[in-house]
Amino acid sequence: MQVYLIRRAITFAVTVWLAASLAFVTLLIIPGNPAQIILGIDASPSAVAAVERALGLDEPPMVRYLRWLGDLARLDLGTSLVYGVPVGSLIAERLRVTLPLTIMALVLATVLGVPLGLFAARRRGSWADLAATAFAQIGIATPSFWLGIFLILVFAVNLRWLPAGGFTPWSQNPGKAFLSLVLPAFALGLARAASLTRIVRSAALEVLSADYIRTARAKGVPEGVVIRRHVLRNALIAVATVISLETAQLLAGAIIVENVFTLPGLGTLVLNAVSNRDFPLVQGIVVCIACVILVLSLVTDILYAYLDPRIRYS
Amino acid sequence: MNQGTGQNKLTVTARRLRGRWNLVVGVVILLALVATAVASYFYVPHDPNRISVMNRFQPPGGEFRLGTDQFGRDLLSRIMVGSRVTILVGVVAVGIGLTAGLLLGGLAAQYGRWIDETLMRLMDAVAAYPPLLLAILFGSIMGPGVVSGMLAIGIATVPLFARLVRANFLTLREAEFVQAARAAGASNARILWRHLLPNTAAILLVQATIAFANAILAEAALSYLGLGTQPPHPSWGRMLREAQDFLVFSPYPALMPGMAIAVTVLGLNLLGDGLRDLLDPKTR
């Protein structure tokens with residue numbers, strides 16, 4: 001296990017380096033001079049040259065890359081062109097919205113998806129199974145932003161139960177802050193719940209047909225215990241593996257859902273940065289999200305080894 | 001005689017399709033999508049960009065089958081024309097993913113060692129970028145538009161195909177029939193063409209169908225965010241965005257394009273599942 005962890009740590013470091021470099025290289029190879037793009041086509045050559053100097057674009061790419069990488073290693077993501085403050089602090093501030101939203105959506109997806117998947121597997125071929133499978137298929141196909149729009153129409157505009165958008169800061173009113181994330185979390189989490197339902201159902205079906213389940217039942221182990229001790233535990237292994245994938249989807253999805261509900265999170269920040277041509281900010285956010293996804297996949301791999309006693313990496 | 005054989009074939013096909021409702025529904029939806037896009041070049045009920053204040057927020061039925069939007073534009077015509085972008089993005093993105101994935105996965109499997117290790121770490125790095133994130137990165141430099149969106153969605157799908165091709169090629173290479181072909185003196189190219197590719201095609205087809213569905217969702221999201229198709233060209237995601245502010249006046253301008261996206265994605269996912277059931281001997 002230790003050897004595995006060391007090897008995994010090395011590959012992780014290499015992958016993070018490559019992923020971060022990709023964001024840098026993309027800005028290099030895609031046509032267009034950032035300074036020109038920031039100032040517009042009518043800008044004078046001297047103004048363009050000044051911005052190029054300010055951005056360090058007048059230096060050779062290799063020098064820029066090494067400096068950028070060095071800064072990144074010290075967790076310095078650069079300074080936003082528009083806000084004039086460090087990209088890192090902007091991201092940290094916006095995470096106060098995006099992180100709780102992602103966690104709420106993930107909890108919702110798990111609380112809804114796992115029991116529903118188990119339930120469908122236990123009643124395979126029944127109407128209940130068909131309904132759960134239909135929910136899963138339709139849920140995966142429904143765009144989160146479309147769902148979000150109609151959640152606003154029904155629960156905010158017509159019923160007036162929850163706010164239609166915007167965000168009250170946690171420091172002002174935690175209750176209101178939570179309520180403003182409920183509808184977005186539903187819009188974001190429902191497709192993930194649907195996807196989890198499918199995965200848990202098929203994982204549980206595989207476990208249910210295993211010999212040890214038949215043996216447990218033959219021994220007279222109560223059905224509830226069989227489900228809890230054997231089926232759920234093994235299905236959870238599947239859940240642990242997909243959770244990193246799901247979280248990646250949730251983070252990307254948060255960009256859209258925050259936009260639907262006008263939440264001041266990472267998603268709205270990155271979109272503003274795109275329209276303002278704030279390259280350091282776009283690059284910083286993109287690298288940050290990619291790294292979070294890589295960390296999650298590392299955690300999942302290790303968790304996987306702990307959850308499944310059959311897996312012992314060497 | 002010929003007619004008899006034809007009928008037999010039909011019966012056999014019908015028998016194969018029995019119990020595979022997801023495959024049938026998937027094929028029907030996909031055909032409907034393609035037919036809609038093709039038909040939109042020859043016939044649309046109204047000019048999709050014609051503004052008519054008199055006809056704002058018409059409910060479905062009558063002259064405007066699916067109703068009209070906030071500018072009085074016909075929703076059906078706009079959905080029909082919008083389906084072209086949907087198909088284009090799906091085909092190009094999956095094409096990029098499939099071609100690059102085959103090439104990179106094949107190279108990794110064939111040469112192994114450091115080439116394999118480097119390519120696979122690179123794929124891990126690309127896989128850390130969800131399609132939307134990559135599209136945002138590209139859009140910030142190339143400017144928002146269909147091309148940067150297609151490119152980003154396509155590149156984001158490459159790791160999926162590359163890993164699949166590599167894993168399949170590695171397993172197949174050890175299979176007895178490939179070893180036998182090698183012992184009989186077959187060249188690498190012949191083994192690739194006659195054995196590895198045909199035996200990977202089924203799994204790639206299934207994956208391509210699902211990747212197509214995901215590409216459509218990603219394009220809709222991009223257009224919704226204003227990073228995909230630019231106005232006045234209609235696209236389903238963009239129609240939703242524009243309709244959002246007028247939801248209290250009429251839900252249909254948002255409902256219809258959303259339904260189009262959901263039904264198309266549902267159809268492609270069902271098709272993918274159906275193909276997997278049909279082609280995977282384990283589930284037969």
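Naming: A, B, ... by sequence-line order, numbering from 1 per chain.
With a threshold of 4.5 angstrom between heavy atoms, A/I293 approaches chain B through side-chain atoms but not through N, CA, C or O. Residue contact with chain A, scored on non-hydrogen atoms closer than 4.5 Å, involves the side chain of B/L227 exclusively. Contact annotation for B/I136: both backbone and side-chain heavy atoms come within less than 4.5 Å of a heavy atom of chain A. For A/A273, no part lies under 4.5 angstrom from a heavy atom of chain B. For a residue to count as touching a neighbouring chain, one of its non-hydrogen atoms must lie under 4.5 Å from one of that chain's; by this rule B/M123 does not touch chain A. With a threshold of 4.5 angstrom between heavy atoms, B/P251 approaches chain A through its backbone and through its side chain. With a 4.5 Å cut-off on non-hydrogen atoms, B/V126 touches chain A through its backbone and its side chain both. Using a 4.5 Å cut-off between heavy atoms, B/D273 touches chain A through its side chain atoms alone. Using a 4.5 Å cut-off between heavy atoms, A/V157 touches chain B through its side chain atoms alone. Residue B/A254 touches chain A through both its backbone and its side chain, counting heavy-atom pairs closer than 4.5 Å. Residue contact with chain B, scored on non-hydrogen atoms closer than 4.5 Å, is absent for A/V292.
Listed options A/P143, A/A252, A/S21 were ranked by heavy-atom pairs under 4.5 angstrom with chain B; first place goes to A/P143. Per-residue heavy-atom pair counts under 4.5 Å with chain B were compared for A/V282, A/L296, A/V286, and the maximum is reached by A/V286. Taking chain B as the reference chain and counting heavy-atom pairs below 4.5 Å, the highest number among A/I285, A/T142, A/L271 is found for A/L271. Of the listed residues B/N269, B/L255, B/V248, the one with more heavy-atom pairs under 4.5 angstrom with chain A than any other is B/L255. Highest contact tally toward chain A, considering only B/V263, B/L217, B/L225, is held by B/L225 [criterion: heavy-atom pairs under 4.5 Å].
In A/E206, the CD atom is not crowded: 12 or fewer heavy atoms of neighbouring residues, nucleotides or ligands sit closer than 6.0 Å.
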For the pair B/E219 and B/T229, evaluate side chain to side chain donor-acceptor pair (under 3.5 Å) and give the outcome as yes or no after the intermediate values.
CA-CA 9 Å; B/E219 192 280 327; B/T229 319; 3.2 Å; yes
Could you walk me through whether A/T133 and A/D129 pass side chain to side chain donor-acceptor pair (under 3.5 Å), step by step?
CA-CA 6 Å; A/T133 313; A/D129 180 22; 3.3 Å; yes
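Annotation: side-chain contact (heavy atoms from CB on, under 4.5 Å) contacts of A/A141 (sequence neighbours excluded): B/V265, B/L266. Applying the side-chain contact (heavy atoms from CB on, under 4.5 Å) rule to B/L107 yields the partners B/Y111, B/L119; only residues at least two apart in sequence or on another chain are considered.
Note on B/R56 versus B/D69: no salt bridge recorded, every NZ/NE/NH1/NH2 to OD/OE distance being 4.0 Å or above. B/R238 has a carboxylate O that lies under 4.0 Å from a charged side-chain N of B/E242, or vice versa, which qualifies the two as a salt bridge.
Between the A/T268 side chain and the A/L263 main chain, a donor and an acceptor come within less than 3.5 Å of each other.
In summary, the side chains of B/T68 and B/Y252 do not present any donor paired with an acceptor at a separation below 3.5 Å, with no hydrogens or angles considered.
Classified by interplanar angle (parallel below 30°, tilted 30° to 60°, perpendicular above 60°), the ring pair A/F150/A/W146 is perpendicular.
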